[in-house]
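Just the heavy atoms: all of them, side chains too, but no hydrogens, waters or symmetry mates, feed the values below. Everything numeric here is computed off the predicted structure, so don't read it as measured data.
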There are 2 protein chains.
Amino acid sequence: MSRAPQNASSSGLLRRINAVSVLDFAWANDVFTATEAMDATGLTRSTVISRCAELIELGWMREVERAPEPAGKGRPARLYQLRADAGYVVGVDAGQHRVLATVSDLRGAEVGRQEHPVDRAHDNASDRLAVTDTTIDEALAAAGVDPARVLGIAVGVPALTDAQGATPPGPNTFWARMNPGFAEHFRDRGWHVTVENDANLAAHAERALGAGRDVGSFAALLSGERFGAGIVVDGALVRGSYGGAGEMRLLDYVVGVGSPHGLGSLARIWGREAHESGALPADSALGALPTSAIDAPAVFAAAAAGDVGAIALVDRLADRLARVCAVIDGMLDVDRIVVAGGVAPVVGDLLRRTATILDGMVHPPAPELVASSFGADAVIVGASTLALERVRTDALDLALGVVD
Amino acid sequence: MSRAPQNASSSGLLRRINAVSVLDFAWANDVFTATEAMDATGLTRSTVISRCAELIELGWMREVERAPEPAGKGRPARLYQLRADAGYVVGVDAGQHRVLATVSDLRGAEVGRQEHPVDRAHDNASDRLAVTDTTIDEALAAAGVDPARVLGIAVGVPALTDAQGATPPGPNTFWARMNPGFAEHFRDRGWHVTVENDANLAAHAERALGAGRDVGSFAALLSGERFGAGIVVDGALVRGSYGGAGEMRLLDYVVGVGSPHGLGSLARIWGREAHESGALPADSALGALPTSAIDAPAVFAAAAAGDVGAIALVDRLADRLARVCAVIDGMLDVDRIVVAGGVAPVVGDLLRRTATILDGMVHPPAPELVASSFGADAVIVGASTLALERVRTDALDLALGVVD
DNA sequence: GGCATTAAATCTAACGCTTGCATAAAATTG
DNA sequence: CAATTTTATGCAAGCGTTAGATTTAATGCC
């Protein structure tokens, strides 16, 4: 009977644990001294310095020359720093009508971005992969980043995906078109790939950097053409086997809702209906527009300007949104609901009206309603955030492409 | 600047990690040899034996005399075993109308049980605490277990609870009555306490021992007087800040549902309505019963016997249940829905009818519908399971009361 | 400029824990 | 009883840590 051979001390387990502690500290801070790391990690100076040396050797950190300026009393400390340029992550928002890609460094700072439309004529699997490749390559070129230094990529798609990033086969050809095998495609390029539903990525963005930072449970409600929620409960994203948690197919069965239409499409549809049926008051600024110009921004802008007809539409939207929120809260007991997507910047008034209605619908305390600060970038921010988190999680298992 | 002093080797971290590995192996197996533990943990024989010695010293394990029987070829191995009687956990199902308590050993085997009703006259905080204490003490006495050897207790209540086991204050006096400060009360007895919503405990039971073992995501739907679900997604219970995930307050807003009534109460209410309105066919066995004898078991039994009137009721229940399941699945994309509670043993037929309706309501694949095998014990099994899991998680931090 | 002061880095010994190997023990088989 | 097999034990070596003494590099004061 042969057992796997081991190094001393359980395969250097302790050494590894301590290296992770130090690297985590480096990630959470900018320039730091050994003493600061000692306080944060509880390790000895010897250990901290030894782990730092190892991390420098591996390419994750560097020692920086001390700024000539400050200087305290005693011997000046050596300064360490995470090498933000030791590697990069790619985030992709592969939406129905356009593909957006960003390149970010290890600190999450965006260093390159590119976008290309996907028109109806090219809405097929191979074209979608090709345009995505082009978009990524151009974003990398714009950032001046060698593709070999990409440590991970996350792709957001308007489709269900399983834990491996595959979209389950089924009658829904839309999903299959939206996710034409991204996972396998990018794995072939040698990258660590995550493919995730767009609403779930919006939730990741809020959790890491947005309105989800200070609460245990919240829902990020993408509210453009269709409602779709990414749900974080107890600090973790609720996915389900196919990432379909929060897909809100159940809205068909909710009284006063009945469809998955989001705020953007409802504002447009109802606005045009009101316009054509002559239901708008005579002095309505909305009424003066051509029908085809009526869309969500126009409706919200008119309402903000005091247009009575538009305000009636917003009230109607508030009722709809309140019901959607009541369903989410009734099912998941979230502390906050973050309205995300392209409409987020203009829904302030709507949310105030919605909150009043919601108070009467749910068991107190009602979830807090806030607008996302990411606007149309929620998905792409979530993608790069998630890619970066994956890199951080198993940083010590990754070989950095180039070390100088 | 003073830093907390440390032992060598990071506070014995490695030693601890290895001890946990060995103890976990002991928990997962019955009698075992050092060689078996070596294979499972990847540790050396010296290390395994040394950790076993430590665990025996601490009281968690024992060395057992080798059975004279089997014997292989070489030197016979020493045999180790978890001491199932090293400590005990108490599970409590503190329901509205009765309190049930069990005592289980470290392997989860029930060694004592007691039950007491809570009638309306004693439905107040102090009486509820008193009858619970009595029930537990009698269960311990029946098991012959010294209360000092209790390592943890979990209490299931029909109320929301936060992570500390407290029920949030609010207008709902029912919840406050159902959870009259159990957490603090039992902490005063020196026990590690968990207080958790009953539906969530049912979900824990299914996850650990029941129909949730082989799927990543499922809902345990308590279906007696009121619907209430405990939800497990990606292997973890979805709680929310107050454990209210799955509380299903949203049923009020679902088309064709409109109330939180569960299968038990609906069968009774609809059955009696049909009886009194003369809607039951002349040859219905159900119709021959006095109105007050019509309840869920009677309805299901009659339907199983072919009673046309009862079958119509079951069909109506199936429609209601399908809508509830569609809502859960639409929101959470679960792989399976486990119908639990007292009605579980008799809902086989109902679930088959429900599955057909559900197929037409949700996006495929529809969640699988199964009946819980725990019947009315789902909550108490979940309570003892959860208490035991908590003990396992921080076993090495617990001092065993008595070591001989 | 010399010198005390301060704080960080470095060096060394000791320690805890694990591994690996040699050796001993306890059984079976021929 | 000897050979074989398997496990247990004892011991040296090594890793990685901690603790503490020593050295180094700065400042400030005389």
Next item on the list: Looking at every strand, decide which applies to A:Ser46 at a 4.0 Å heavy-atom threshold: base, sugar-phosphate, or nothing.
Entry: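 Touches a base.
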With sequence neighbours left out, what residues match [X] under side-chain hydrogen bond (donor to acceptor under 3.5 Å, both in side chains)?
X        : result
A:Asp30  : A:Gln81
A:Ser50  : none
B:Thr194 : B:Arg390
A:Arg113 : A:Glu110, A:Asp377

Nearest-Å distance for atom pair [atom1]/[atom2], residues [X] and [N]:
X       : N      : atom1 : atom2 : answer
B:Met38 : C:dT19 : CE    : C1'   : 11 Å
B:Asp39 : D:dT6  : CG    : P     : 13 Å
B:Glu54 : C:dC17 : CD    : C1'   : 11 Å
A:Glu63 : C:dA8  : CD    : P     : 15 Å
B:Glu65 : C:dA26 : CD    : P     : 13 Å
A:Ile49 : D:dG16 : CD1   : P     : 17 Å
A:Arg15 : C:dT18 : CZ    : C1'   : 15 Å

Looking at the side chain of [X], which of [options] is the nearest nucleotide?
X       : options               : answer
A:Arg45 : D:dA8, C:dC17, C:dA8  : C:dA8
B:Leu14 : D:dT9, D:dG16, C:dT18 : C:dT18
A:Ala77 : C:dA9, D:dG16, D:dT9  : C:dA9

Check: Can you name the side-chain contact (heavy atoms from CB on, under 4.5 Å) partners of A:Asp397, sequence neighbours left out?
Finding: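 Result, side-chain contact (heavy atoms from CB on, under 4.5 Å) vs A:Asp397: A:Arg16, A:Asp394.
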Answer yes or no: does a side-chain N or O of [X] lie under 4.0 Å from OP1 or OP2 of [N]?
X       : N      : answer
A:Thr47 : D:dG16 : no
B:Arg51 : C:dT18 : yes
B:Asn18 : C:dC17 : no
B:Arg78 : D:dT9  : yes

Next item on the list: Could you label the plane-to-plane angle of the B:Tyr80 and B:Phe32 rings as parallel, tilted or perpendicular, counting under 30° as parallel and over 60° as perpendicular?
Entry: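 The rings of B:Tyr80 and B:Phe32 sit tilted, inter-plane angle from 30° to 60°.
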Please list, pair by pair, any protein nitrogen or oxygen found under 3.5 Å from a nitrogen or oxygen in nucleotides 22-25 of chain D.
residue	atom	partner	partner atom	Å
D:dT24	O2	A:Arg75	NH1	3.0

Notebook entry, point to check: Quick one: on DNA chain D, does B:Ala34 or A:Ala19 contact a more 5' nucleotide (nearest heavy atom)?
Noted result: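 It is B:Ala34, whose closest nucleotide lies nearer the 5' terminus.
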Note to self: Quick one, A:Arg78 with A:Thr33, criterion side-chain hydrogen bond (donor to acceptor under 3.5 Å, both in side chains). Give me CA distance, side-chain angles, the key distance, then yes/no.
What the structure shows: CA-CA 6 Å; A:Arg78 291 163 62 182; A:Thr33 67; over 6 Å; no
